Participant: 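This structure is in structure tokens; I'll ask about it shortly.
This one's a predicted model, so the numbers in the text were calculated from it and none came from an experiment. Counting starts at 1 for both ligands and their atoms, following the listed order.
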Amino acid sequence: MKNDNLYLNFAKQRFSHGGERPFLMTPGRKALMYAELDSATGRMQSQLAKLGVAPGDRVMVQVEKSYEAVLLYLACLRAGAIYIPLNTAYTSAEVEYFIEDAAPRLFVCTPCEHDKLALAANRVGQPHLLTLDSDGNGTFLLGLNSLDPDPAVVVRKGEDLAAILYTSGTTGRSKGAMLSHANLASNAQVLHAYWHWRNGDDVLLHALPIFHVHGLFVALHCALFGTSPVHFLPGFDIDAVIDHLPGSTVMMGVPTFYNRLLEAKTFNADRCRNMRLFISGSAPLPAETHRGFEARAGHRILERYGMTETGMIASNPYMGERIAGTVGFALPGISVRIADKNGVELPHGETGVLEMRGPNLFKGYWRMPEKTKADFRDDGWFITGDMALMDEEERITIVGRAKDLIISGGYNVYPKEIEGEIDEIPGVEESAVIGVPHADFGEAVVAVVVQDGSRDLTESGIIAALQGRLARFKQPKRIYLVEELPRNAMGKVQKAKLRKTYHATYRK
Ligand code: MLC
Ligand code: AMP
């Protein structure tokens, strides 16, 4: 029987290109070699089997970036288990929801979070809770060396699930986007070809987190398909990134990375002498960053556009013109249309909602058939919620969002979720959460709050009340206390008006 397990796609590539190269290189650690991958992931696959993880079971992971975290992801693919990475910034209160929703067979966390999570896991009846730290220690790894390094890679059909990635929703509850082996394989192959990946010769500079599509799939899959070495940095440290640029050829980042490089005095064209490609995505890249970067580094950043539910949808061309403020063309094999609110395609030049379909389109939201239905047209097109237009050549520009979403430093924040938490605070009558321009993060989260008069609230008091309830990046960076929120004739809060009132919050 044909085996469409994504792991075999990587393995095939590796075998045909030798494999005596480093895969991951983290400062202070010996490199992890491509030649070690099969046995290291094989042992972890055996460990998963020993723990009772069967094909189709969920494995939830909230750990720091490490070689072992990547190996665990690959081992889950091999084992036919469904990998669910979580942002390390999520609090145990937030994680409890994910455990309850996904019912994983195994949860792997950092050792310092173990006790807090054990309480949360107990409350929702979670069986296994094991640990993994960034240096390659933890209870998940115990006894690994005595396990079989070569178990058979579990047979998967293309449509079988490989991963579930949680993405927040407009209603405030996070939704698990179900991604299949074929979804991930098709997008990786397309990007690898579209960006002219140089098998063996490219060296990827990786400073992104590995719990989102960008760092985990887009970046690592390209490297795995190309058997490329990866400078695998623990996070975005500006000095470390600048130090590693001369030894790299490709970097992928969110716009904040590029804003910060431009702020750094030590960043210059000489540092980029071996680079062939800088890629930006996850949030709009300001045109001035694009132009400033070209002037300083001598490189035109290649901007691309995608989503958790779809992987990458569009990209500026590798060879052709890369235009600031546009996201280029639909990737090969992917169809894009700009539609009105009824799904009727609009002529070129008109703004509407971007809809797409293709082999990368996810299988729906985990255990949420209604939400899945609401985001698809009857003819199978997926409604992204992004407002866009296409020119005569079919080049796409993202002009805004139909969904009430803030993107801060590449992380999505849904106002509804934050408003729900603020409204729970005693003394709060109601709140409205908006994004305002921020030079570093693109947008910053700001809350406008009305008190109910039962007590005296302060900005710092409200921020303190949100600790432990929301991840730090979701917490408002400023709170404005007001008498009332502006509303339209229908009684709806006028967020556009609020955004206008507070847009200069971070103006220099
Ligand atoms: C950190 N902080 C943030 C933040 N990141 N606040 C708002 N927005 C963010 N993105 C806060 C911390 O809580 C902390 O606050 C303070 O800023 C410093 O924390 P830090 O850890 O030192 O921050 P830093 O390392 O500088 O992180 C910034 C960053 C990081 C931009 C490097 O956020 C990042 O790596 N973002 C990438 C996100 C990403 O990969 N997105 C892809 C999604 S996939 P305090 O108050 O506690 O000090 C997707 C699909 C697609 O969207 O198309 O790719
Ligand atoms: P996520 O849910 O984290 O996958 O975020 C996906 C969203 O990020 C998209 O729906 C867009 O709103 C936004 N996004 C990603 N890339 C870009 C880009 N290049 N330009 C504008 N918005 C983008």
Side-chain angles (χ1 to χ4, degrees), residues 64-65 85 87-91 165-170 174-175 177 179 187 191 206-219 233-238 240-241 252-261 263 279-287 289-290 301-316 324-328 353-356 360 362 375 382-388 396-414 435 438 440-446 463-464 466-467 470-477 506:
E64 298 297 337
K65 223 172 146 177
N87 192 324
T88 46
Y90 290 152
T91 64
L165 267 70
Y166 276 91
T167 149
S168 344
T170 39
S174 288
K175 305 169 288 186
L179 296 159
N187 215 227
L191 296 176
H206 192 298
L208 287 159
I210 53 165
F211 39 71
H212 281 309
V213 165
H214 197 161
L216 182 63
F217 299 147
V218 184
L233 307 184
F236 188 85
D237 174 82
I238 186 73
V241 166
M252 298 188 195
V254 295
T256 302
F257 287 18
Y258 296 104
N259 294 335
R260 290 188 183 179
L261 281 169
E263 285 289 310
I279 300 173
S280 175
S282 305
L285 180 74
T289 306
H290 193 277
I301 299 171
L302 182 153
E303 183 171 7
R304 61 37 171 202
Y305 155 78
M307 275 182 89
T308 302
E309 288 88 336
T310 61
M312 297 305 99
I313 299 172
S315 170
N316 269 279
T326 81
V327 295
V353 176
L354 191 147
E355 300 185 355
M356 65 76 64
N360 50 334
F362 76 135
D375 283 349
F382 175 65
I383 309 163
T384 62
D386 289 310
M387 303 296 294
I396 302 162
T397 302
I398 306 292
V399 295
R401 291 171 209 136
K403 49 195 174 190
D404 192 13
L405 162 70
I406 300 166
I407 306 183
S408 170
Y411 286 143
N412 287 7
V413 180
Y414 274 92
H438 189 280
D440 184 34
F441 290 132
E443 288 180 281
V445 178
V446 160
I463 290 177
L466 294 172
Q467 300 312 316
L470 285 172
R472 290 286 293 157
F473 71 87
K474 294 183 193 169
Q475 293 177 20
K477 298 211 183 284
Y506 290 100

Participant: Atoms of ligand 1 less than 4.0 Å from Phe236 heavy atoms?
Facilitator: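 Those of ligand 1 that fall under 4.0 Å from Phe236 are 32 (C).
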Participant: Would you say atom 29 (C) of ligand 1 touches the protein, meaning some protein heavy atom is under 4.0 Å from it?
Facilitator: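 Given the 4.0 Å cut-off, atom 29 (C) of ligand 1 does not count as touching protein heavy atoms.
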Participant: Below 3.5 angstrom, do we get any N/O pair linking Asn412 and ligand 2?
Facilitator: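 N/O-N/O distance under 3.5 Å: yes.
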Participant: Using a distance threshold of 4.0 Å (strictly less than), state whether atom 14 (C) of ligand 1 has a protein heavy-atom neighbour.
Facilitator: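 So far as the 4.0 Å threshold goes, atom 14 (C) of ligand 1 is out of reach of every protein heavy atom.
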Participant: Hey, what's the ring geometry for Tyr411 with His212, parallel, tilted or perpendicular (30° and 60° as the breaks)?
Facilitator: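 Rings of Tyr411 and His212: tilted, 30 to 60°.
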Participant: Counting only heavy atoms, which portion of His214 has something under 4.0 Å from ligand 1: side chain, backbone, both, or neither?
Facilitator: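 It is both parts that get close, each with some atom under 4.0 Å.
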Participant: Out of curiosity, Ser168 OG to Lys474 NZ, how far, rounded to the nearest 0.5 Å?
Facilitator: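 The OG atom of Ser168 sits 5.5 Å away from the NZ atom of Lys474.
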Participant: Does some side-chain heavy atom of Leu233 sit less than 4.5 Å from a side-chain heavy atom of Val241?
Facilitator: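 When only atoms from C-beta onward are counted, Leu233 and Val241 do touch, with a gap below 4.5 Å.
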Participant: Can you confirm whether something in the protein, heavy atoms only, sits under 4.0 Å from atom 52 (O) of ligand 1?
Facilitator: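 For atom 52 (O) of ligand 1 the answer is yes, since some protein heavy atom falls inside 4.0 Å.
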Participant: Quick one: does Tyr305 get an N or O within less than 3.5 Å of an N or O on ligand 1?
Facilitator: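 N/O-N/O distance below 3.5 Å does not exist for this pair.
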Participant: Using a 3.5 Å cut-off on N or O atoms only, is Glu303 in polar contact with ligand 2?
Facilitator: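 Yes, at least one N or O pair falls under 3.5 Å.
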Participant: Is Asp386 in contact with ligand 2, taking contact as a heavy-atom separation below 4.0 Å?
Facilitator: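 Within the 4.0 Å threshold, so yes.
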Participant: Counting heavy atoms only, which part of Ser282 comes closer than 4.0 Å to ligand 2: side chain, backbone, both or neither?
Facilitator: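 Near ligand 2, Ser282 shows its backbone, while the atoms from C-beta on stay back.
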Participant: Specify the protein heavy atom at minimum distance from atom 13 (C) of ligand 2: its residue, its atom name, and the distance to 0.1 Å.
Facilitator: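 Minimum-distance protein heavy atom for atom 13 (C) of ligand 2 reads Ile407 CD1, 3.4 Å.
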Participant: Do any N/O atoms on Asn412 end up under 3.5 angstrom from N/O atoms on ligand 1?
Facilitator: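 No - when backbone and side-chain N and O of Asn412 are compared with those of ligand 1, no distance drops under 3.5 Å.
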Participant: Mark up the atoms of ligand 2 that fall under 4.0 Å of a heavy atom belonging to Val327, in ascending order.
Facilitator: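 Ligand 2 atoms under the 4.0 Å threshold to Val327: 19 (N).
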Participant: If only side-chain N and O atoms count, and only distance matters, is there a donor-acceptor pair under 3.5 Å linking Asn360 with Thr310?
Facilitator: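 Note: Thr310 and Asn360 side chains miss the donor-acceptor criterion.
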Participant: Measuring from the heavy atoms of Arg304, does anything fall under 4.0 Å of ligand 2?
Facilitator: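 True for this residue.
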Participant: With no hydrogens and no angle check, do the side chains of Tyr305 and Asp386 hold a donor and an acceptor under 3.5 Å apart?
Facilitator: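 Note: Tyr305 and Asp386 side chains meet the donor-acceptor criterion.
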Participant: Look only at interatomic distance and state if Gly410 has a nitrogen or oxygen under 3.5 Å from any nitrogen or oxygen of ligand 1.
Facilitator: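 Right, the criterion is met.
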Participant: Could you list the atoms of ligand 1 found under 4.0 angstrom from a heavy atom of Leu208?
Facilitator: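 Heavy-atom distances to Leu208 below 4.0 Å select 40 (O).
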Participant: Does an N or O from Thr384, backbone or side chain, lie closer than 3.5 Å to an N or O of ligand 2?
Facilitator: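 Checking ligand 2 against Thr384, no N or O pair falls under 3.5 Å apart.
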Participant: With the side chain counted from C-beta on, respond yes when Phe382 and Phe362 share a heavy-atom pair under 4.5 Å apart, and no when they do not.
Facilitator: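 A side-chain contact exists here, since the closest heavy-atom pair is under 4.5 Å.
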Participant: Would you say atom 20 (P) of ligand 1 touches the protein, meaning some protein heavy atom is under 4.0 Å from it?
Facilitator: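 No, because not a single protein heavy atom sits under 4.0 Å from atom 20 (P) of ligand 1.
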Participant: Give the atoms of ligand 1, by number and element, whose distance to some non-hydrogen atom of Gly306 is under 4.0 Å.
Facilitator: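 Numbered from 1, ligand 1 contributes 53 (O).
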Participant: How does Ser280 reach ligand 2, by side chain, by backbone, by both or by neither, if only non-hydrogen atoms under 4.0 Å count?
Facilitator: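 Ser280 to ligand 2: no contact under 4.0 Å from either part.
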Participant: Tell me the protein heavy atom at minimum distance from atom 7 (C) of ligand 2, and give that distance in Å.
Facilitator: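 Here the closest protein heavy atom is Gly306 O, 4.0 Å.
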Participant: What I'd like to find out is whether the side chain of Arg260 reaches to under 4.5 Å of the side chain of Phe236, using heavy atoms alone.
Facilitator: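 Contact flag for Arg260/Phe236 side chains = yes.
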Participant: So which heavy atom in the protein is nearest atom 21 (C) of ligand 2, and how far is it from that ligand atom?
Facilitator: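 Answer, as residue, atom name and distance: Pro284 N, 3.5 Å.
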Participant: Check whether any side-chain heavy atom of Pro476 lies under 4.5 Å from a side-chain heavy atom of Leu466, and answer yes or no.
Facilitator: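 They are in contact (side-chain heavy atoms under 4.5 Å apart), so the answer is yes.
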Participant: Please classify the Arg260 to ligand 1 contact at 4.0 Å (heavy-atom distances, strictly less than): side chain, backbone, both or neither.
Facilitator: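 The answer is the side chain.
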Participant: Regarding ligand 1, does Ser408 bring an N or O atom to under 3.5 Å of one of the ligand's N or O atoms?
Facilitator: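 Such a contact does occur with ligand 1.
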Participant: Protein heavy atoms: any of them under 4.0 Å from atom 32 (C) of ligand 1?
Facilitator: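 Looking at atom 32 (C) of ligand 1, one finds that a protein heavy atom does lie closer than 4.0 Å.
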Participant: Could you check whether atom 10 (N) of ligand 1 has a protein contact, counting only heavy atoms that fall below 4.0 angstrom?
Facilitator: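 Protein heavy atom within 4.0 Å of atom 10 (N) of ligand 1: present.
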Participant: Less than 4.0 Å between atom 44 (S) of ligand 1 and some protein heavy atom, yes or no?
Facilitator: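 So far as the 4.0 Å threshold goes, atom 44 (S) of ligand 1 is in reach of a protein heavy atom.
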Participant: For the residue pair Lys65 / His206, report whether a side-chain donor-acceptor contact shorter than 3.5 Å exists.
Facilitator: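 On atom types as modelled, these side chains qualify, holding a pair under 3.5 Å.
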